[in-house]
Amino acid sequence: MPKITGARVIVTSPGRNFVTLKVETEDGVYGLGDATLNGRELAVASYLTDHVIPCLIGRDAHRIEDIWQFLYKGAYWRRGPVTMSAIAAVDTALWDIKGKLAGLPVYQLLGGASREGVMVYGHANGTTIEETVANALHYKELGYRAIRLQSGVPGLASTYGVSKDRYFYEPADADMPTENVWSTEKYLRSVPPLFEKARDALGWDVHLLHDAHHRLTPIEAARLGKDLEPYRLFWLEDTTPAENQEAFRLIRQHTTTPLAVGEIFNTIWDARELIQNQLIDYIRATVVHAGGITHLRRIAALADLYQVRTGCHGATDLSPVCMAAALHFDLSVPNFGVQEYMRHAEETDAVFPHAYSFDNGLMHPGDKPGLGVDIDEVLAAKYPYRRAYLPVNRLEDGTMFSW
Ligand SMILES: O=C(O)[C@@H](O)[C@@H](O)[C@H](O)[C@H](O)CO
Ligand SMILES: [Mg+2]
(Lines give C-alpha, C1' and ligand atoms only; values in the text may rest on other atoms or scores of the structure.)
(Ligands and ions follow the chains in the order given, each with its own letter.)
Protein backbone atom coordinates (compact mmCIF):
# COMPACT_ATOMS: atom_id res chain seq x y z
CA MET A 1 0.00 0.00 0.00
CA PRO A 2 1.17 3.57 -0.62
CA LYS A 3 1.48 4.57 3.03
CA ILE A 4 0.98 8.24 3.91
CA THR A 5 4.19 9.37 5.61
CA GLY A 6 3.68 13.10 5.79
CA ALA A 7 1.32 15.98 5.12
CA ARG A 8 1.81 19.73 5.33
CA VAL A 9 -0.18 22.88 4.82
CA ILE A 10 1.35 25.56 2.60
CA VAL A 11 -0.06 29.07 2.93
CA THR A 12 1.02 31.50 0.23
CA SER A 13 -0.22 34.80 -1.15
CA PRO A 14 0.85 35.26 -4.79
CA GLY A 15 -1.65 38.02 -5.55
CA ARG A 16 -4.13 36.60 -3.02
CA ASN A 17 -4.17 34.00 -0.23
CA PHE A 18 -4.19 30.27 -0.95
CA VAL A 19 -4.08 27.30 1.41
CA THR A 20 -2.71 24.08 -0.10
CA LEU A 21 -2.39 20.64 1.44
CA LYS A 22 0.50 18.45 0.32
CA VAL A 23 0.22 14.75 1.20
CA GLU A 24 3.32 12.56 0.82
CA THR A 25 3.59 8.79 0.55
CA GLU A 26 6.49 6.50 1.43
CA ASP A 27 7.53 5.97 -2.18
CA GLY A 28 7.97 9.71 -2.75
CA VAL A 29 4.70 10.32 -4.65
CA TYR A 30 2.76 13.32 -3.37
CA GLY A 31 -0.64 14.84 -4.00
CA LEU A 32 -2.07 18.35 -3.69
CA GLY A 33 -5.42 19.61 -2.48
CA ASP A 34 -6.84 23.14 -2.33
CA ALA A 35 -8.14 24.21 1.11
CA THR A 36 -8.72 27.93 0.47
CA LEU A 37 -11.72 29.49 2.23
CA ASN A 38 -11.67 33.15 1.26
CA GLY A 39 -11.40 35.48 4.26
CA ARG A 40 -11.16 32.58 6.76
CA GLU A 41 -8.04 30.85 5.39
CA LEU A 42 -6.15 30.20 8.62
CA ALA A 43 -9.11 28.44 10.25
CA VAL A 44 -8.86 25.67 7.63
CA ALA A 45 -5.06 25.62 7.86
CA SER A 46 -5.33 25.02 11.61
CA TYR A 47 -8.12 22.43 11.21
CA LEU A 48 -5.84 20.48 8.89
CA THR A 49 -2.58 20.86 10.79
CA ASP A 50 -3.93 20.47 14.31
CA HIS A 51 -6.72 17.96 13.81
CA VAL A 52 -6.60 16.14 10.46
CA ILE A 53 -2.96 15.54 9.54
CA PRO A 54 -2.16 13.54 12.72
CA CYS A 55 -4.92 11.08 11.69
CA LEU A 56 -3.59 10.66 8.15
CA ILE A 57 -0.09 9.45 8.91
CA GLY A 58 0.30 5.70 8.34
CA ARG A 59 -2.93 5.29 6.37
CA ASP A 60 -3.23 3.72 2.90
CA ALA A 61 -3.46 6.62 0.41
CA HIS A 62 -5.50 4.44 -1.97
CA ARG A 63 -8.45 4.24 0.46
CA ILE A 64 -10.03 7.54 -0.59
CA GLU A 65 -13.62 6.70 0.34
CA ASP A 66 -12.69 5.24 3.71
CA ILE A 67 -10.56 8.27 4.63
CA TRP A 68 -13.38 10.58 3.52
CA GLN A 69 -15.87 8.71 5.77
CA PHE A 70 -13.36 8.66 8.63
CA LEU A 71 -12.91 12.45 8.51
CA TYR A 72 -16.63 13.19 8.02
CA LYS A 73 -18.18 10.78 10.50
CA GLY A 74 -15.24 10.73 12.88
CA ALA A 75 -15.34 14.46 13.57
CA TYR A 76 -18.86 14.12 15.08
CA TRP A 77 -19.35 17.85 14.20
CA ARG A 78 -20.47 17.37 10.62
CA ARG A 79 -20.57 19.74 7.67
CA GLY A 80 -19.71 23.45 7.65
CA PRO A 81 -17.30 25.26 5.33
CA VAL A 82 -14.17 24.82 7.47
CA THR A 83 -14.60 21.07 8.00
CA MET A 84 -15.65 20.39 4.42
CA SER A 85 -12.83 22.45 2.88
CA ALA A 86 -10.34 20.49 4.98
CA ILE A 87 -11.89 17.16 3.93
CA ALA A 88 -11.90 18.38 0.32
CA ALA A 89 -8.17 19.12 0.45
CA VAL A 90 -7.39 15.60 1.70
CA ASP A 91 -9.72 14.01 -0.84
CA THR A 92 -8.29 16.01 -3.77
CA ALA A 93 -4.71 15.19 -2.76
CA LEU A 94 -5.56 11.48 -2.59
CA TRP A 95 -7.09 11.50 -6.08
CA ASP A 96 -3.92 13.22 -7.29
CA ILE A 97 -1.80 10.47 -5.71
CA LYS A 98 -3.99 7.71 -7.13
CA GLY A 99 -3.67 9.20 -10.61
CA LYS A 100 0.09 9.53 -10.34
CA LEU A 101 0.44 5.93 -9.12
CA ALA A 102 -1.80 4.67 -11.91
CA GLY A 103 -0.01 6.79 -14.50
CA LEU A 104 -3.38 8.27 -15.54
CA PRO A 105 -4.99 11.72 -15.44
CA VAL A 106 -7.68 11.83 -12.75
CA TYR A 107 -10.53 12.12 -15.28
CA GLN A 108 -9.63 8.63 -16.53
CA LEU A 109 -10.15 7.28 -13.02
CA LEU A 110 -13.57 8.99 -12.92
CA GLY A 111 -14.83 7.07 -15.94
CA GLY A 112 -13.01 8.87 -18.75
CA ALA A 113 -13.96 11.88 -20.84
CA SER A 114 -17.66 12.41 -21.51
CA ARG A 115 -16.92 15.34 -23.85
CA GLU A 116 -14.12 16.88 -25.88
CA GLY A 117 -13.69 19.90 -23.64
CA VAL A 118 -15.23 21.84 -20.76
CA MET A 119 -17.24 24.94 -21.67
CA VAL A 120 -16.30 27.81 -19.39
CA TYR A 121 -17.77 31.24 -18.79
CA GLY A 122 -15.79 34.42 -18.33
CA HIS A 123 -16.65 37.27 -15.98
CA ALA A 124 -17.25 40.56 -17.85
CA ASN A 125 -17.64 43.62 -15.67
CA GLY A 126 -17.60 47.39 -15.84
CA THR A 127 -18.83 50.43 -13.97
CA THR A 128 -21.32 51.28 -16.74
CA ILE A 129 -23.42 49.17 -19.11
CA GLU A 130 -21.29 50.37 -22.04
CA GLU A 131 -18.06 49.31 -20.33
CA THR A 132 -19.49 45.94 -19.32
CA VAL A 133 -20.79 45.19 -22.82
CA ALA A 134 -17.44 46.23 -24.35
CA ASN A 135 -15.69 43.88 -21.96
CA ALA A 136 -18.12 41.09 -22.87
CA LEU A 137 -17.36 41.66 -26.56
CA HIS A 138 -13.69 41.21 -25.75
CA TYR A 139 -14.45 37.83 -24.13
CA LYS A 140 -16.39 36.83 -27.22
CA GLU A 141 -13.38 37.72 -29.40
CA LEU A 142 -11.22 35.52 -27.16
CA GLY A 143 -13.49 32.61 -28.08
CA TYR A 144 -15.69 32.38 -24.96
CA ARG A 145 -19.06 30.75 -25.61
CA ALA A 146 -20.52 31.85 -22.29
CA ILE A 147 -20.09 35.18 -20.51
CA ARG A 148 -21.37 36.45 -17.17
CA LEU A 149 -22.14 40.17 -17.05
CA GLN A 150 -21.96 42.27 -13.88
CA SER A 151 -22.30 46.03 -14.13
CA GLY A 152 -22.10 48.91 -11.69
CA VAL A 153 -25.45 50.18 -10.42
CA PRO A 154 -26.21 53.88 -11.06
CA GLY A 155 -26.39 55.65 -7.69
CA LEU A 156 -24.30 53.03 -5.82
CA ALA A 157 -20.58 53.58 -5.30
CA SER A 158 -19.48 49.97 -5.68
CA THR A 159 -21.10 46.60 -6.30
CA TYR A 160 -20.18 42.93 -6.16
CA GLY A 161 -18.57 41.72 -9.35
CA VAL A 162 -17.25 45.06 -10.56
CA SER A 163 -13.51 45.22 -10.14
CA LYS A 164 -10.98 48.00 -10.27
CA ASP A 165 -9.07 45.90 -12.78
CA ARG A 166 -10.76 45.08 -16.09
CA TYR A 167 -9.94 41.37 -16.10
CA PHE A 168 -9.12 40.27 -12.57
CA TYR A 169 -11.92 40.29 -10.04
CA GLU A 170 -10.86 39.81 -6.42
CA PRO A 171 -13.45 40.43 -3.70
CA ALA A 172 -11.14 40.10 -0.64
CA ASP A 173 -9.57 43.52 -0.96
CA ALA A 174 -8.62 44.90 2.46
CA ASP A 175 -7.24 43.97 5.89
CA MET A 176 -10.51 45.18 7.39
CA PRO A 177 -13.82 44.58 5.56
CA THR A 178 -14.78 47.23 2.99
CA GLU A 179 -18.32 48.52 3.65
CA ASN A 180 -20.51 48.93 0.56
CA VAL A 181 -23.96 50.52 0.31
CA TRP A 182 -26.75 48.56 -1.32
CA SER A 183 -30.16 49.36 -2.80
CA THR A 184 -32.22 46.55 -4.32
CA GLU A 185 -34.54 49.04 -6.06
CA LYS A 186 -31.63 50.67 -7.91
CA TYR A 187 -30.13 47.29 -8.76
CA LEU A 188 -33.38 45.82 -10.11
CA ARG A 189 -33.82 48.81 -12.43
CA SER A 190 -30.30 48.42 -13.82
CA VAL A 191 -30.17 44.75 -14.83
CA PRO A 192 -32.74 44.41 -17.68
CA PRO A 193 -31.20 47.30 -19.71
CA LEU A 194 -27.78 45.66 -19.29
CA PHE A 195 -29.01 42.47 -20.94
CA GLU A 196 -30.97 44.32 -23.59
CA LYS A 197 -27.77 46.13 -24.67
CA ALA A 198 -25.74 42.93 -24.31
CA ARG A 199 -28.02 40.99 -26.69
CA ASP A 200 -27.93 43.88 -29.19
CA ALA A 201 -24.12 43.87 -29.18
CA LEU A 202 -23.32 40.17 -28.71
CA GLY A 203 -26.15 38.50 -30.61
CA TRP A 204 -27.81 35.22 -29.66
CA ASP A 205 -25.01 32.69 -30.26
CA VAL A 206 -23.33 33.24 -26.93
CA HIS A 207 -24.62 32.21 -23.50
CA LEU A 208 -25.24 35.07 -21.06
CA LEU A 209 -25.25 34.68 -17.28
CA HIS A 210 -25.79 36.91 -14.25
CA ASP A 211 -25.09 36.67 -10.50
CA ALA A 212 -27.39 38.37 -7.95
CA HIS A 213 -25.11 37.28 -5.07
CA HIS A 214 -27.83 36.29 -2.55
CA ARG A 215 -29.29 39.77 -2.14
CA LEU A 216 -32.94 39.47 -3.20
CA THR A 217 -36.14 38.38 -1.52
CA PRO A 218 -37.99 35.55 -3.27
CA ILE A 219 -40.54 37.89 -4.84
CA GLU A 220 -37.82 40.30 -6.02
CA ALA A 221 -35.96 37.35 -7.51
CA ALA A 222 -39.12 36.20 -9.25
CA ARG A 223 -39.55 39.66 -10.77
CA LEU A 224 -35.95 39.83 -11.96
CA GLY A 225 -36.25 36.38 -13.53
CA LYS A 226 -39.40 37.50 -15.37
CA ASP A 227 -37.86 40.78 -16.51
CA LEU A 228 -34.88 38.90 -17.94
CA GLU A 229 -36.89 36.28 -19.83
CA PRO A 230 -36.71 38.12 -23.20
CA TYR A 231 -32.90 37.88 -23.11
CA ARG A 232 -32.81 34.08 -22.62
CA LEU A 233 -30.15 33.83 -19.94
CA PHE A 234 -28.18 30.61 -19.52
CA TRP A 235 -28.68 31.16 -15.79
CA LEU A 236 -29.52 33.59 -13.05
CA GLU A 237 -27.28 32.82 -10.08
CA ASP A 238 -27.70 33.04 -6.30
CA THR A 239 -30.84 35.15 -6.26
CA THR A 240 -31.79 34.58 -2.61
CA PRO A 241 -29.82 33.34 0.42
CA ALA A 242 -30.27 29.58 -0.01
CA GLU A 243 -30.40 28.70 3.68
CA ASN A 244 -34.13 28.80 2.87
CA GLN A 245 -34.37 26.21 0.12
CA GLU A 246 -38.17 26.53 0.05
CA ALA A 247 -37.85 30.13 -1.27
CA PHE A 248 -36.89 28.75 -4.66
CA ARG A 249 -40.37 27.29 -5.09
CA LEU A 250 -41.83 30.77 -5.16
CA ILE A 251 -39.22 32.03 -7.63
CA ARG A 252 -39.70 28.96 -9.81
CA GLN A 253 -43.46 29.43 -10.02
CA HIS A 254 -42.99 32.85 -11.59
CA THR A 255 -40.19 32.54 -14.10
CA THR A 256 -38.69 30.30 -16.78
CA THR A 257 -35.25 31.92 -16.43
CA PRO A 258 -32.94 29.03 -15.43
CA LEU A 259 -31.73 29.20 -11.83
CA ALA A 260 -28.29 28.37 -10.45
CA VAL A 261 -27.18 28.19 -6.84
CA GLY A 262 -24.68 26.49 -4.56
CA GLU A 263 -21.22 28.09 -4.56
CA ILE A 264 -21.38 28.33 -0.76
CA PHE A 265 -22.90 24.87 -0.27
CA ASN A 266 -20.68 22.37 1.47
CA THR A 267 -22.65 19.12 1.37
CA ILE A 268 -25.37 17.33 -0.54
CA TRP A 269 -27.76 18.26 2.27
CA ASP A 270 -27.61 21.93 1.31
CA ALA A 271 -28.87 21.07 -2.16
CA ARG A 272 -31.10 18.08 -1.56
CA GLU A 273 -34.52 19.78 -1.50
CA LEU A 274 -33.59 22.11 -4.33
CA ILE A 275 -32.61 19.18 -6.52
CA GLN A 276 -35.33 16.71 -5.57
CA ASN A 277 -38.07 19.30 -6.01
CA GLN A 278 -36.56 20.46 -9.31
CA LEU A 279 -36.35 24.04 -8.06
CA ILE A 280 -33.00 24.75 -9.74
CA ASP A 281 -31.36 24.03 -13.07
CA TYR A 282 -27.66 24.23 -12.15
CA ILE A 283 -25.81 23.22 -8.99
CA ARG A 284 -22.71 25.35 -8.37
CA ALA A 285 -21.03 23.40 -5.57
CA THR A 286 -17.35 22.88 -6.21
CA VAL A 287 -14.44 20.67 -5.21
CA VAL A 288 -12.80 22.77 -2.49
CA HIS A 289 -15.89 23.84 -0.56
CA ALA A 290 -18.03 20.73 -0.99
CA GLY A 291 -15.91 17.89 0.33
CA GLY A 292 -13.69 17.18 -2.66
CA ILE A 293 -14.12 15.19 -5.85
CA THR A 294 -15.69 12.27 -3.96
CA HIS A 295 -18.55 14.28 -2.47
CA LEU A 296 -19.08 16.44 -5.54
CA ARG A 297 -19.63 13.30 -7.61
CA ARG A 298 -22.33 12.26 -5.13
CA ILE A 299 -24.07 15.63 -5.48
CA ALA A 300 -23.84 15.41 -9.29
CA ALA A 301 -25.27 11.88 -9.28
CA LEU A 302 -28.31 13.06 -7.31
CA ALA A 303 -28.68 16.07 -9.60
CA ASP A 304 -28.51 13.88 -12.71
CA LEU A 305 -31.69 12.06 -11.65
CA TYR A 306 -33.56 15.36 -11.93
CA GLN A 307 -31.86 16.82 -15.04
CA VAL A 308 -30.04 19.37 -12.92
CA ARG A 309 -26.63 20.10 -14.42
CA THR A 310 -23.35 21.15 -12.83
CA GLY A 311 -21.86 24.63 -12.94
CA CYS A 312 -18.89 24.64 -10.58
CA HIS A 313 -17.80 27.83 -8.89
CA GLY A 314 -14.39 28.94 -10.21
CA ALA A 315 -13.59 32.41 -8.91
CA THR A 316 -9.96 33.48 -8.31
CA ASP A 317 -10.13 32.49 -4.64
CA LEU A 318 -10.29 28.84 -5.74
CA SER A 319 -6.67 27.93 -6.42
CA PRO A 320 -5.29 26.34 -9.60
CA VAL A 321 -5.31 23.06 -7.65
CA CYS A 322 -9.10 23.33 -7.32
CA MET A 323 -9.41 24.45 -10.95
CA ALA A 324 -7.52 21.37 -12.13
CA ALA A 325 -9.64 19.07 -9.96
CA ALA A 326 -12.83 20.75 -11.19
CA LEU A 327 -11.81 20.26 -14.83
CA HIS A 328 -11.20 16.52 -14.32
CA PHE A 329 -14.63 16.30 -12.70
CA ASP A 330 -16.28 18.42 -15.43
CA LEU A 331 -14.78 16.41 -18.27
CA SER A 332 -16.06 13.14 -16.86
CA VAL A 333 -19.41 13.92 -15.22
CA PRO A 334 -22.44 13.04 -17.42
CA ASN A 335 -24.61 16.00 -16.40
CA PHE A 336 -22.06 18.76 -16.92
CA GLY A 337 -23.42 22.25 -17.60
CA VAL A 338 -20.66 24.86 -17.52
CA GLN A 339 -17.57 25.75 -15.50
CA GLU A 340 -16.76 29.20 -14.15
CA TYR A 341 -13.29 30.40 -15.14
CA MET A 342 -11.73 33.55 -13.77
CA ARG A 343 -8.13 33.75 -14.85
CA HIS A 344 -5.60 33.84 -12.04
CA ALA A 345 -2.93 36.51 -11.72
CA GLU A 346 0.46 35.74 -13.30
CA GLU A 347 2.08 35.36 -9.85
CA THR A 348 -0.53 32.72 -8.95
CA ASP A 349 0.07 30.76 -12.15
CA ALA A 350 3.83 30.86 -11.53
CA VAL A 351 3.45 29.38 -8.03
CA PHE A 352 1.06 26.70 -9.32
CA PRO A 353 2.36 25.43 -12.70
CA HIS A 354 -0.44 23.49 -14.37
CA ALA A 355 -1.31 21.35 -17.38
CA TYR A 356 -4.84 22.67 -17.98
CA SER A 357 -5.43 24.90 -20.96
CA PHE A 358 -8.05 27.09 -22.66
CA ASP A 359 -8.83 26.95 -26.36
CA ASN A 360 -11.77 28.43 -28.21
CA GLY A 361 -14.08 28.64 -25.21
CA LEU A 362 -13.29 25.15 -23.92
CA MET A 363 -10.85 24.01 -21.25
CA HIS A 364 -9.08 20.69 -20.82
CA PRO A 365 -7.29 19.38 -17.72
CA GLY A 366 -4.42 17.89 -19.77
CA ASP A 367 -3.16 14.32 -19.71
CA LYS A 368 -0.48 14.34 -17.06
CA PRO A 369 -0.87 11.62 -14.41
CA GLY A 370 -2.85 12.89 -11.42
CA LEU A 371 -4.33 16.39 -11.42
CA GLY A 372 -1.57 17.90 -13.55
CA VAL A 373 -0.89 20.76 -11.17
CA ASP A 374 2.11 21.43 -8.93
CA ILE A 375 3.30 23.94 -6.36
CA ASP A 376 6.67 25.71 -6.50
CA GLU A 377 7.38 25.87 -2.78
CA VAL A 378 10.46 28.07 -3.09
CA LEU A 379 8.46 30.68 -4.99
CA ALA A 380 5.44 30.21 -2.68
CA ALA A 381 7.60 31.09 0.33
CA LYS A 382 8.25 34.52 -1.18
CA TYR A 383 4.58 35.47 -0.79
CA PRO A 384 3.67 35.56 2.93
CA TYR A 385 0.05 35.46 4.12
CA ARG A 386 -1.75 38.80 4.32
CA ARG A 387 -5.07 39.06 6.12
CA ALA A 388 -7.76 40.00 3.60
CA TYR A 389 -11.50 40.29 4.14
CA LEU A 390 -14.48 40.07 1.85
CA PRO A 391 -16.56 43.26 1.78
CA VAL A 392 -19.84 43.72 3.65
CA ASN A 393 -23.06 45.44 2.57
CA ARG A 394 -25.32 47.90 4.34
CA LEU A 395 -28.60 49.33 3.10
CA GLU A 396 -28.73 53.07 2.50
CA ASP A 397 -30.13 53.57 6.05
CA GLY A 398 -27.20 51.65 7.59
CA THR A 399 -28.87 48.25 8.12
CA MET A 400 -26.51 45.28 7.67
CA PHE A 401 -27.42 43.31 4.55
CA SER A 402 -26.31 40.26 2.59
CA TRP A 403 -23.14 40.76 0.62
O1 LIG B 1 -19.77 33.53 -8.66
C2 LIG B 1 -18.74 34.01 -8.24
O3 LIG B 1 -17.66 33.89 -8.81
C4 LIG B 1 -18.80 34.84 -6.99
O5 LIG B 1 -19.98 34.77 -6.35
C6 LIG B 1 -17.52 34.82 -6.23
O7 LIG B 1 -16.74 35.85 -6.76
C8 LIG B 1 -17.59 34.95 -4.72
O9 LIG B 1 -18.05 36.21 -4.35
C10 LIG B 1 -16.23 34.72 -4.15
O11 LIG B 1 -15.76 33.47 -4.55
C12 LIG B 1 -16.23 34.82 -2.64
O13 LIG B 1 -15.02 34.45 -2.12
MG1 LIG C 1 -21.50 33.74 -7.53
Side-chain angles (χ1 to χ4, degrees), residues 13 15-19 34-44 81-82 84-85 88 120-125 132 135 139 144 146-151 158-165 167-174 177-178 180 182 187 191 207-216 221 224 233-242 258-266 270-271 280-290 310-323 326 337-345 348 386-393 401-403:
S13 191
R16 67 160 339 282
N17 292 317
F18 294 109
V19 178
D34 183 20
T36 309
L37 185 62
N38 202 2
R40 297 294 185 270
E41 297 87 357
L42 299 185
V44 188
V82 175
M84 298 310 289
S85 300
V120 295
Y121 68 85
H123 177 85
N125 68 95
T132 307
N135 197 2
Y139 274 100
Y144 282 81
I147 305 167
R148 188 174 69 185
L149 288 90
Q150 305 294 141
S151 196
S158 65
T159 314
Y160 156 75
V162 181
S163 74
K164 293 167 197 111
D165 183 289
Y167 297 117
F168 297 103
Y169 176 66
E170 173 47 61
D173 63 351
T178 302
N180 291 329
W182 177 252
Y187 165 74
V191 187
H207 297 300
L208 302 184
L209 299 78
H210 182 69
D211 186 357
H213 221 255
H214 328 264
R215 290 168 308 203
L216 305 179
L224 180 62
L233 264 59
F234 184 88
W235 82 33
L236 178 59
E237 169 181 339
D238 283 350
T239 49
T240 59
L259 303 173
V261 73
E263 68 185 38
I264 66 169
F265 290 178
N266 43 71
D270 296 325
I280 56 169
D281 301 280
Y282 296 93
I283 177 71
R284 281 182 48 67
T286 194
V287 175
V288 53
H289 300 135
T310 66
C312 292
H313 187 202
T316 42
D317 47 295
L318 286 69
S319 92
V321 178
C322 177
M323 191 66 198
V338 74
Q339 167 70 49
E340 177 176 7
Y341 175 47
M342 278 191 195
R343 274 173 36 217
H344 285 110
T348 302
R386 291 168 44 218
R387 190 179 68 218
Y389 282 101
L390 294 168
V392 298
N393 248 350
F401 200 62
S402 301
W403 170 71

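As the structure lists them, so they are numbered: ligands from 1, and atoms in each ligand from 1. Numbers for residues simply follow the sequence, beginning at 1.
Using a 3.5 Å distance cut-off with no hydrogens or angles, the side chains of N125 and R148 do not pair a donor with an acceptor.
Among the atoms of D211, an N, O or S atom falls under 2.8 Å of the Mg ion (ligand 2).
S319 contributes a side-chain N or O that, together with a main-chain N or O of V321, makes up a donor-acceptor pair within less than 3.5 Å. Judged by distance alone, with hydrogens and angles left aside, the side-chain atoms of D270 form a donor-acceptor pair with the main-chain N or O of N266 at under 3.5 Å.
If you look at Y341 next to ligand 1, there are no close heavy atoms at all, none under 4.0 Å. The side chain of E340, and not its backbone, has at least one atom closer than 4.0 Å to an atom of ligand 1 (non-hydrogen atoms only; side chain from C-beta on). The side chain of R148, and not its backbone, has at least one atom closer than 4.0 Å to an atom of ligand 1 (non-hydrogen atoms only; side chain from C-beta on).
Closest approach of E41 and T36 over heavy atoms only: CG-CG2, 4.4 Å.
Every atom of ligand 1 with a heavy atom of A315 under 4.0 Å away is listed here by number and element: 3 (O), 6 (C), 7 (O), 11 (O). For ligand 1, the atoms lying closer than 4.0 Å to a non-hydrogen atom of M342 are 3 (O). Residue contact check: W403 has heavy atoms under 4.0 Å from atoms 9 (O) of ligand 1. Close approach to R284 involves these atoms of ligand 1, each under 4.0 Å from a residue heavy atom: 1 (O), 2 (C).
At least one N/O-N/O distance between H313 and ligand 1 falls below 3.5 Å. Residue-to-ligand polar distances place E237 within reach of ligand 1: an N/O pair is separated by less than 3.5 Å.
Within E237, the N/O/S atom positioned nearest the Mg ion (ligand 2) carries the name OE2. The closest approach of E263 to the Mg ion (ligand 2), by N/O/S atoms, is made by OE1.
Of the listed residues (V261, L216, L259), just one forms a side chain to side chain contact (heavy atoms under 4.5 Å, CB included) with D238, and that residue is V261.
Side-chain contact between L149 and L208: present, with at least one pair of heavy atoms (C-beta onward) separated by less than 4.5 Å. A heavy-atom distance below 4.5 Å is found between the side chains of N180 and T178.
For an aromatic pair to be called close, the ring centres must be under 6.0 Å apart, and Y121 with W235 satisfies this.
In this structure, C322 SG and H313 NE2 are separated by 9.0 Å, a value rounded to the nearest 0.5 Å.
F18 carries R16 over the face of its six-membered ring, with the cationic atom under 6.0 Å from the centre and within 45° of the normal. With W182 as the aromatic partner, R215 meets the cation-pi criteria of under 6.0 angstrom to the ring centre and within 45 degrees of the ring axis.
The closest protein non-hydrogen atom to atom 10 (C) of ligand 1 is D317 OD1, 3.5 Å. Nearest non-hydrogen protein atom to atom 9 (O) of ligand 1 is H213 NE2, 2.8 Å. Atom 4 (C) of ligand 1 has Y160 OH, 2.9 Å as its closest protein atom, hydrogens excluded (heavy atom only). If you check which protein heavy atom lies closest to atom 8 (C) of ligand 1, you get E263 OE2, 3.6 Å.
Of all the listed residues (N38, I264, D211), N38 holds the heavy atom that lies closest to atom 13 (O) of ligand 1.
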